[in-house]
A.B. asks: 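Structure in structure tokens, see below.
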Amino acid sequence: MLNDRYYPQEIEKKWQKKWDEIQLNKVYNDKDKEKYYVLSMLPYPSGKLHMGHVRNYTISDVIARYKRMNGYNVLHPMGWDSFGLPAENAAIQHGANPKKWTLDNIAYMKSQLKALGLMIDWDREVTTCLPEYYKWTQYFFIQMFKKGLAYKKEAAVNWCNNCATVLANEQVIDGKCWRCDGDVEKKYLSQWFLKITDYAQELLDDIEKLKGWPDSVKIMQKNWIDRSTGAILRFKVKEIEGLEVPVYTTRPDTAYGITYLVVAPEYKDIEKLTTPENKEAVEEYRKNARKMSEIERLSTERIKTGVSLGTHLINPLNGEEFPIWTADYALAEYGTGAVMAVPAHDERDFAFAKKYNLPIKIVIQNPQNPVNELKEAYTDKGVLINSLDCSGLENEKAKQVIIDKAVKGGFGEAKVQFRLRDWLISRQRYWGTPIPVVYCPKCGTVPVDEKDLPVLLPEDVDFSVKGMSPVKTSESFKYTTCPICGSKAERETDTMDTFMCSNWYFYRYIDARNNEAPFDKELIKYWAPVDQYVGGIEHAILHLLYSRFFTKVLRDLGIIDIDEPFKNLLTQGMVLKDGSKMSKSKGNTVDPDEIFANYGADTARLFILSDSPPNRDFDWSDAGVEGCYKFLNRLWKLYSNYQSHISLDYVVPEISTLSKANNDLVREVHMTIKKISQDISNEFQFNTVISKYREFANVIYDYINNKTEFSVEDEQVFSFAVLTFLKLLAPVLPHMTEEIYEGLGGKTSVHQLDWPEYDENLAKPGKITLVVQINGKVKDRIDVDSETAKEELEKIALNSDKIKELILNKMVVKVIVVPGKLVNIVVK
RNA sequence: GCCGAUGUGGCGAAAUUGGUAGACGCAUCAGACUCAAAAUCUGACGCAGCUCACCCUGCGUGCCGGUUCGAGUCCGGCCAUCGGCACCA
């Protein structure tokens, strides 16, 4: 028997406990069943769940439940991206232990996830900060080191002063730190990199394979990798025998127009290229450039500065000499760090040449509109002039001609260049995976022996130190012996970027408790790749690019045999309040705990899926929650007030024998199954699924309200309708539907029932409203049988009194009939 | 500057992909129930006009134009908002 009133708090606790007891959500590696792997981006354990989490996990949970009812073996796991700076900052500020702080947060957030009613097999939980996990992160690092994919080099890197650590290029947003929003500086440091650039071409090409990804994400990745084709050209230094300066250019066709060359202030040969007279000015300029933060550099956009080095280069194409300058508009990390300047045909070079009075030589002209002087750089297509034997060529063709000349003359060749840089993964922080490397005075940089993994994070550290990593304060950690020769050696004290932990976690879920290997290859074959990934757009480049890269590396190491980790991707929109992003500083956050306590998780689940499609932003409103709660009460009453008319073993009589009301209701049920199934299949349009729930509830209430008593037939059709409805509701409202099903006498879990099927013939109305238009404007509506033939429809339309009157004295030119929809009469 | 997305009532949004624009909900208003309130139920609800009945007539999907019997949907040109990249040679 069902209670009169809906008490979500009691019901939800009861079922969460029961599901645990009967292990309803345990996932077996049942290879006879077709698998479906649905994944949400794992949370950082910051302390409490926010509404963005609730939205993310509700979406993936409903997908998981829907797929399970459709017969799939569904994996929907959860874990914790638990290394990272906030834990360490908490340690510094409150004297807490980062590990304890993190594990406490995990325990609390896990209880919140359970309160949300998620269908998760917690036996597969993954926590990236625990040694049994990061052992394998270290293992992978060593494999990459051995393959030459992990290397250390000195470079100009991004340094965040606040966080006191370096950052990857992908973690610098508008010249600021992605995490703390602090200014980022360039520093010269020796750091660990992963050779993601080795995979640049494949990462770009395989974007085509990602059919189930949103275009926006694919385009962002394309732009980030940014391939360009051009040439390397090498110029001999006039003053120094044997020294050359190579440049990368996409415009070899303009090479006859070079009037100067710019090297980055950090260019490796810059000191050699500077004459004694210019040394002081150049030093000064370089010092300033180094001091400048990213932000300052960006703000000086377009106001270009530079100084001459005093030396010259020779253009092998025409023998002309031109001066070498240094300017910070040349980037050390892109191409060769040097740019050939053709002011006539490049806006930046033009501005620079104007400012410093450098010559401007026109070598490409629009034949329709030749000019002798330029007011701005001419960057369009044209024909070469002043280019010796290349004059007269179309510039697009000249590109190849000049590359050929360079190859023949031995001063250049074609070159493909990417914007993507290698991934900087070392961090000067404590709370991360230790990089498993030892520095031996004899053997050099040596990886830790695999059998000695994990390299444990030390506990005897002093968090109060400034300007260096706390790891360095651990004597027990720092000093070790060389794995090769056994002599005294020192450990690497840097830890890894947390994105190293999160770029493979989804493989670990597949075999989370394996102590012998990161995972079993056979199980990966069954479960991978992820069928549906759900997460925020903010990872469009960062995590999603790194995971793609890592998957390809694992493939090349022979560890897995797929190319891409995520088949389909759903990027959910943000949760807003009053039109702006929820944030603590704005004070417009909504605490999930309060919502669960006041309304229950089912209300929260229903609301967060309603109103907006998953990929768009969602505006949280208190009235909206209230409305959803009312709807759940309305549903509850439907079942509790009429339970005496509901029987689990109903038989639906043949449709043609039914009364009109029952006939209509049966059709409504089939139409509703169809529409909801379609909306879920079509990119998980849960907002329209929920409007369909409401419409169907209205239909059933209309049915009841037109009744004084239930016949046997009525009870059968009614039972069919409300029990089918219960199954359709189950993925979104797991607790309520379970309680109702039990109350009605159900013996299994409602979540073990099959998703209802619909009959195509019954999934349409018996009658339709025929729209009659004249010249495309609606003039009449007539109820007709939905199967009425085309000719008949035309006749009905023309015989309508209203239409007859309107077309009187007019000539009917044409009649267009759309069966099942409308008749349009064209008149003059 | 380049690339992308979006633009529909007071608000969140639907629209079988070229066929009744505004489903469903929020808010609002009116009514029923109630001593009263809450809850619940019923109804109205794009804008303007006309009107003795709730019938009708215009106008309406950012703006301008086009294709079509018919355009929120397709094509061309603009505008606005949001997001990504941004001295990448």
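Order of the sequence lines fixes the chain letters, A, B, ..., with proteins taken first and strands second; residue numbering starts at 1 for each chain. As the structure is a computational prediction, the values presented were derived from the model and not from experiment.
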A.B. asks: Is the NZ or CZ atom of K304(A) positioned over Y329(A)'s six-membered ring, under 6.0 angstrom from the centre and within 45° of the axis?
C.D. replies: yes
A.B. asks: From the list C87(B), C69(B), A23(B), which nucleotide is the closest neighbour of the side chain of Y329(A)?
C.D. replies: C87(B)
A.B. asks: Under 4.0 Å, counting only non-hydrogen atoms across every strand here, what does K802(A) touch: a base, just sugar-phosphate, or nothing?
C.D. replies: sugar-phosphate
A.B. asks: Consider the side chain of D346(A), meaning its heavy atoms from C-beta on, and name the nucleotide among A89(B), C87(B), U20(B) that approaches it most closely.
C.D. replies: A89(B)
A.B. asks: Can you find an N or O donor on one side and an acceptor on the other, under 3.5 Å apart, linking the side chain of K222(A) with the base of C3(B)?
C.D. replies: no
A.B. asks: Once you measure the plane-to-plane angle for Y629(A) and Y6(A), does it fall in the parallel (<30°), tilted (30-60°) or perpendicular (>60°) bin?
C.D. replies: tilted
A.B. asks: Look at all strands and tell whether I219(A) reaches a base, only sugar-phosphate, or nothing, counting heavy atoms closer than 4.0 Å.
C.D. replies: sugar-phosphate
A.B. asks: Expressed in angstrom and rounded to an integer, what is the separation of L331(A) atom CG from C87(B) atom C1'?
C.D. replies: 6 Å
A.B. asks: Counting only side-chain heavy atoms from C-beta out, which of G19(B), A14(B), C26(B) sits nearest to R616(A)?
C.D. replies: A14(B)
A.B. asks: Rounding to the closest angstrom, what is the interatomic distance between A80(B) and U28(B) at atom P?
C.D. replies: 36 Å
A.B. asks: Under 6.0 Å between ring centres, would you say that holds for F235(A) and F411(A)?
C.D. replies: no
A.B. asks: The side chain of R419(A) is closest to which nucleotide in this list: A86(B), C87(B), G19(B)?
C.D. replies: A86(B)
A.B. asks: Output yes when a side-chain donor or acceptor of N705(A) lies under 3.5 Å from a complementary backbone atom of Y701(A), and no otherwise.
C.D. replies: yes
A.B. asks: Could you write nucleotides 41-49 of chain B as a row of B, S and -, 5' to 3', where a protein heavy atom under 4.0 Å of any base atom gives B, of only sugar-phosphate atoms gives S, and otherwise -?
C.D. replies: SS-------
A.B. asks: Using the C1' atom in both, what is the distance from U20(B) to U61(B), to the nearest Å?
C.D. replies: 15 Å
A.B. asks: In whole Å, measure the gap between the C1' atoms of C26(B) and G22(B) for me.
C.D. replies: 15 Å
A.B. asks: Could you check how far CZ of R781(A) sits from P of G19(B), rounded to whole Å?
C.D. replies: 16 Å
A.B. asks: Answer yes or no on whether K707(A) is positioned over the face of Y703(A), meaning its NZ or CZ is under 6.0 Å from the six-membered ring centre and within 45° of the axis.
C.D. replies: yes
A.B. asks: Which of these nucleotides, A14(B), G19(B), G12(B), is closest to any side-chain atom of S612(A)?
C.D. replies: G12(B)
A.B. asks: Pick the C1' atom in A44(B) and in A27(B), then give their distance to the nearest Å.
C.D. replies: 14 Å
A.B. asks: Are there more than 12 heavy atoms of other residues, nucleotides or ligands under 6.0 Å from atom NZ of K810(A)?
C.D. replies: no
A.B. asks: Under the rule syn = chi within 90° of 0, otherwise anti, which is G83(B)?
C.D. replies: anti
A.B. asks: Between the base of C85(B) and the side chain of N223(A), is one N or O donor paired with an acceptor at under 3.5 angstrom?
C.D. replies: no
A.B. asks: May I have the distance from E333(A) (atom CD) to A86(B) (atom P), rounded to whole angstrom?
C.D. replies: 12 Å
A.B. asks: Decide whether a cation-pi geometry holds between R5(A) and W636(A); the criteria are a distance under 6.0 Å from NZ or CZ to the six-membered ring centre and an angle within 45° of the ring axis.
C.D. replies: no
A.B. asks: Can you tell me the base-pairing partner of G65(B)? Count Watson-Crick or G-U wobble geometry only, both distances below 3.5 Å, and say none if there is no partner.
C.D. replies: C75(B)
A.B. asks: Looking at K779(A), does any N or O in its side chain come under 4.0 Å of the phosphate oxygens OP1/OP2 on C56(B)?
C.D. replies: no
A.B. asks: In Watson-Crick or G-U wobble terms, both distances under 3.5 Å, what is the partner of C24(B)?
C.D. replies: G12(B)
A.B. asks: Any side-chain N or O of T249(A) below 4.0 angstrom from OP1/OP2 of A89(B)?
C.D. replies: no
A.B. asks: How many whole angstroms separate atom CZ of R227(A) from atom P of C2(B)?
C.D. replies: 23 Å
A.B. asks: Mind checking who G43(B) pairs with, Watson-Crick or G-U wobble, both distances under 3.5 Å?
C.D. replies: C29(B)
A.B. asks: What is the base-pairing partner of G4(B), counting Watson-Crick and G-U wobble geometry with both distances under 3.5 Å?
C.D. replies: C82(B)
A.B. asks: By nearest atom, which of the nucleotides G19(B), A15(B), G84(B) is closest to the N824(A) side chain?
C.D. replies: G19(B)
A.B. asks: Send over the distance from W620(A) CH2 to G12(B) C1', rounded to a whole Å.
C.D. replies: 14 Å
A.B. asks: The side chain of W224(A) is closest to which nucleotide in this list: C56(B), C85(B), A14(B)?
C.D. replies: C85(B)
A.B. asks: Phosphate oxygens OP1/OP2 of A89(B): is one of them under 4.0 Å from a side-chain N or O of Y248(A)?
C.D. replies: no
A.B. asks: Is D611(A) touching bases, backbone alone, or none of the nucleic acid, heavy atoms closer than 4.0 Å?
C.D. replies: base
A.B. asks: Under 4.0 Å, counting only non-hydrogen atoms across every strand here, what does D215(A) touch: a base, just sugar-phosphate, or nothing?
C.D. replies: nothing
A.B. asks: Touch check for Q417(A), heavy atoms < 4.0 angstrom, all strands: base, sugar-phosphate only, or nothing?
C.D. replies: nothing
A.B. asks: Using a 4.0 Å heavy-atom cut-off across all strands, classify R421(A) as base, sugar-phosphate, or nothing.
C.D. replies: base
A.B. asks: Please report the distance, rounded to the nearest Å, between CG in N698(A) and C1' in U40(B).
C.D. replies: 15 Å
A.B. asks: What's the closest nucleotide to the side chain of S691(A) if the choices are C87(B), G84(B), A23(B)?
C.D. replies: A23(B)
A.B. asks: How close or far is atom P of U20(B) from atom CG of L770(A), stated in whole angstroms?
C.D. replies: 12 Å
A.B. asks: What nucleotide among A14(B), G25(B), C85(B) has an atom nearest to a side-chain atom of R694(A)?
C.D. replies: G25(B)
A.B. asks: C1' atom, U8(B) versus C47(B): distance in rounded Å?
C.D. replies: 14 Å
A.B. asks: Less than 6.0 angstrom separating the ring centers of F618(A) and F607(A), yes or no?
C.D. replies: yes
A.B. asks: Quantified in whole Å, what is the C1' atom distance between nucleotide G18(B) and nucleotide U73(B)?
C.D. replies: 7 Å
A.B. asks: Quick one: K777(A) NZ to U20(B) P, roughly how many Å, whole number?
C.D. replies: 15 Å
A.B. asks: Is the F631(A)-Y693(A) ring centre distance short of 6.0 angstrom?
C.D. replies: no
A.B. asks: So what does V339(A) hit on the nucleic acid, given a heavy-atom distance under 4.0 Å: a base, only sugar-phosphate, or nothing?
C.D. replies: base
A.B. asks: If you count heavy atoms of other groups shown closer than 6.0 angstrom to CD of Q201(A), is the number above 12?
C.D. replies: yes
A.B. asks: Just name whichever nucleotide pairs with U17(B), Watson-Crick or G-U, keeping both distances under 3.5 Å, else none.
C.D. replies: none
A.B. asks: Where the side chain of T250(A) is defined as all heavy atoms beyond and including C-beta, which of G19(B), A89(B), U40(B) is the nearest nucleotide?
C.D. replies: A89(B)
